[in-house]
Amino acid sequence: ICFPVTIGARPISVFAAEVKEQAWPETYSACLIGSCTNSSYEDLERCASLARQALTAGLKLKTKLLITPGSIQVYETIKANGQLALFEELGATVLANTCGPCIGNWDRSDMPAGQANAIITSFNRNFPKRNDGNAGTLSFIGSPELVFVSALSGSTLFNPLTDTIEGITLSHPVSPDIPENGFVISWDGFDEPPANRDGLSVLVAPDSTRLELL
């Protein structure tokens, strides 16, 4: 894959050496793309570009891949345009457009508490226990497309700039900035305020230290 990549602040070219030096796990237990920061339509279409190549080449995911669209608009658009079905065909799980594992809302049952393991995410925070409540989880940060190819390789030693996956070299992912036919607009979950607001009032507890009427 011909694009510059880093894991955190480390160039991908030196990451494998550090994995060996630090005796970190050499496989990923999970790969996560999302949520609001790095899962725009463009982000997910670049991943879909890689998914198409993987399916054509007969590649399968080597580890769990969770994808969280950045908004209901992105979710509905990738559902309408086929990317969601593409990810699921490859074996990924597309989550609801919520913060999810990015803020620890991951009811992770596949990893005992304290067990050392490595995950890679495109989330923007990775301090201990942030994603799954497990202090034994090493969470590395990368771009959505790097996370995607990491799920295909399954290895923390994989360098997409030089390595192949089962002898297959994937091409640079491409994506338009916005969908060709525009975004799918959904108003699900929106309750329009009443036209007549006479008699309505906003109640704030007198002893509240968080809320205050303007």
Side-chain angles (χ1 to χ4, degrees), residues 30-52 64-111 119-134 137 139 141-148 151 173-214:
C31 300
L32 302 92
I33 296 171
S35 48
C36 61
T37 311
N38 291 298
S39 55
S40 66
Y41 179 85
E42 183 180 7
D43 291 327
L44 297 188
E45 174 54 21
R46 286 201 304 273
C47 293
S49 175
L50 295 169
R52 295 183 189 99
K64 180 184 300 183
L65 175 60
L66 304 178
I67 300 174
T68 306
S71 68
I72 185 64
Q73 179 173 273
V74 172
Y75 177 86
E76 293 294 342
T77 304
I78 66 168
K79 181 179 178 181
N81 291 358
Q83 293 95 334
L84 189 152
L86 195 66
F87 295 143
E88 292 182 338
E89 181 180 354
L90 196 59
T93 299
V94 180
L95 304 176
N97 57 294
T98 63
C99 292
C102 187
I103 61 168
N105 289 337
W106 181 7
D107 184 17
R108 193 176 188 192
S109 58
D110 66 325
M111 193 61 57
I119 66 174
I120 183 170
T121 84
S122 66
F123 304 153
N124 56 13
R125 294 180 180 87
N126 66 334
F127 51 81
K129 302 179 73 172
R130 169 75 182 193
N131 303 131
D132 61 0
N134 184 358
T137 297
S139 178
I141 294 178
S143 66
E145 53 266 50
L146 177 58
V147 174
F148 195 90
V174 294
S175 171
D177 294 338
I178 59 175
E180 181 178 353
N181 297 319
F183 287 98
V184 175
I185 305 300
S186 172
W187 293 99
D188 286 349
F190 173 73
D191 289 328
E192 187 172 351
N196 182 3
R197 305 183 192 185
D198 293 342
L200 294 180
S201 60
V202 177
L203 302 179
V204 175
D207 58 349
S208 174
T209 59
R210 299 180 59 203
L211 301 177
E212 182 179 2
L213 293 175
L214 297 177

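The chain is numbered in sequence order, starting from 1.
From D177, atom CG reaches atom OG of S40 across 9.0 Å, with rounding to the nearest 0.5 Å. Between the OG atom in S175 and the CZ atom in R46 there is a gap of 6.5 Å [rounded to 0.5 Å]. A distance of 11.5 Å separates CD in E88 from CG in L65, rounded to the nearest 0.5 Å. Note: E180 CD to N81 CG = 9.0 Å, rounded to the nearest 0.5 Å. Between atom CG of residue L146 and atom CG of residue L50 there is a gap of 10.5 Å, rounded to the nearest 0.5 Å. Atom OG of S139 and atom CZ of R125 lie 12.5 Å apart (nearest 0.5 Å).
The neighbour count for D107 CG, taken as heavy atoms of other residues, nucleotides or ligands under 6.0 Å away, does not exceed 12.
Contact detail for A96 and T68: the closest heavy-atom pair is O-CG2, 3.3 Å. Considering every non-hydrogen atom in both A92 and I67, the closest pair reads CB-CD1, 4.1 Å. Nearest heavy-atom pair across T77 and Q83 is O-OE1, 4.1 Å. The two atoms that bring V147 and G142 nearest to each other are CG2-O, 4.0 Å, heavy atoms only. When all heavy atoms are compared, the tightest approach of P69 to I78 is CG-CD1, 4.1 Å. Here the shortest heavy-atom pairing between S49 and P173 reads OG-CA, 3.6 Å.
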Next item on the list: Apply the test side-chain contact (heavy atoms from CB on, under 4.5 Å) to residues F190 and I72: give CA-CA distance (whole Å), side-chain angles for both, the deciding distance (0.1 Å), then the verdict.
Entry: CA-CA 12 Å; F190 173 73; I72 185 64; over 6 Å; no

Note to self: Run V184 and Q73 through side-chain contact (heavy atoms from CB on, under 4.5 Å) and show every step you take.
What the structure shows: CA-CA 6 Å; V184 175; Q73 179 173 273; over 6 Å; no

Notebook entry, point to check: Which is it for T93 and K64 under the side-chain contact (heavy atoms from CB on, under 4.5 Å) test, yes or no, and what are the steps along the way?
Noted result: CA-CA 8 Å; T93 299; K64 180 184 300 183; 5.7 Å; no

Item checked: side-chain contact (heavy atoms from CB on, under 4.5 Å) evaluation trace for C47 with F87 -> CA-CA 9 Å; C47 293; F87 295 143; 4.0 Å; yes

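Residues L200 and D198 are not in side-chain contact: their nearest non-hydrogen atoms beyond the backbone lie 4.5 Å or more apart. No side-chain heavy atom of E76 sits less than 4.5 Å from a side-chain heavy atom of N97. F123 has its side chain out of reach of I141: every pair of non-hydrogen atoms, C-beta onward, lies at least 4.5 Å apart. N124 is listed as a side-chain neighbour of C102, based on a closest heavy-atom distance under 4.5 Å. Counting heavy atoms from C-beta on, the side chains of C31 and T121 never come closer than 4.5 Å. No side-chain heavy atom of E212 sits under 4.5 Å from any side-chain heavy atom of V204. Taking 4.5 Å as the limit, some side-chain heavy atom of W106 sits within range of a side-chain heavy atom of L66. Inter-residue side-chain proximity for N105 and T98 is flagged as unmet; no heavy-atom pair is nearer than 4.5 Å.
With I33 as the partner, the side-chain contact (heavy atoms from CB on, under 4.5 Å) test is satisfied by one option alone out of D43, V94, L44: L44.
The aromatic rings of F183 and Y41 stand perpendicular to each other, their planes meeting at an angle above 60°, with 30° marking the opposite boundary.
Taking a cutoff of 4.0 Å between a charged side-chain nitrogen and a carboxylate oxygen, K129 and D132 do not qualify as a salt bridge. A salt bridge does not link R52 with E89: every distance from a Lys NZ or Arg NE/NH1/NH2 to an Asp or Glu carboxylate oxygen is 4.0 Å or more.
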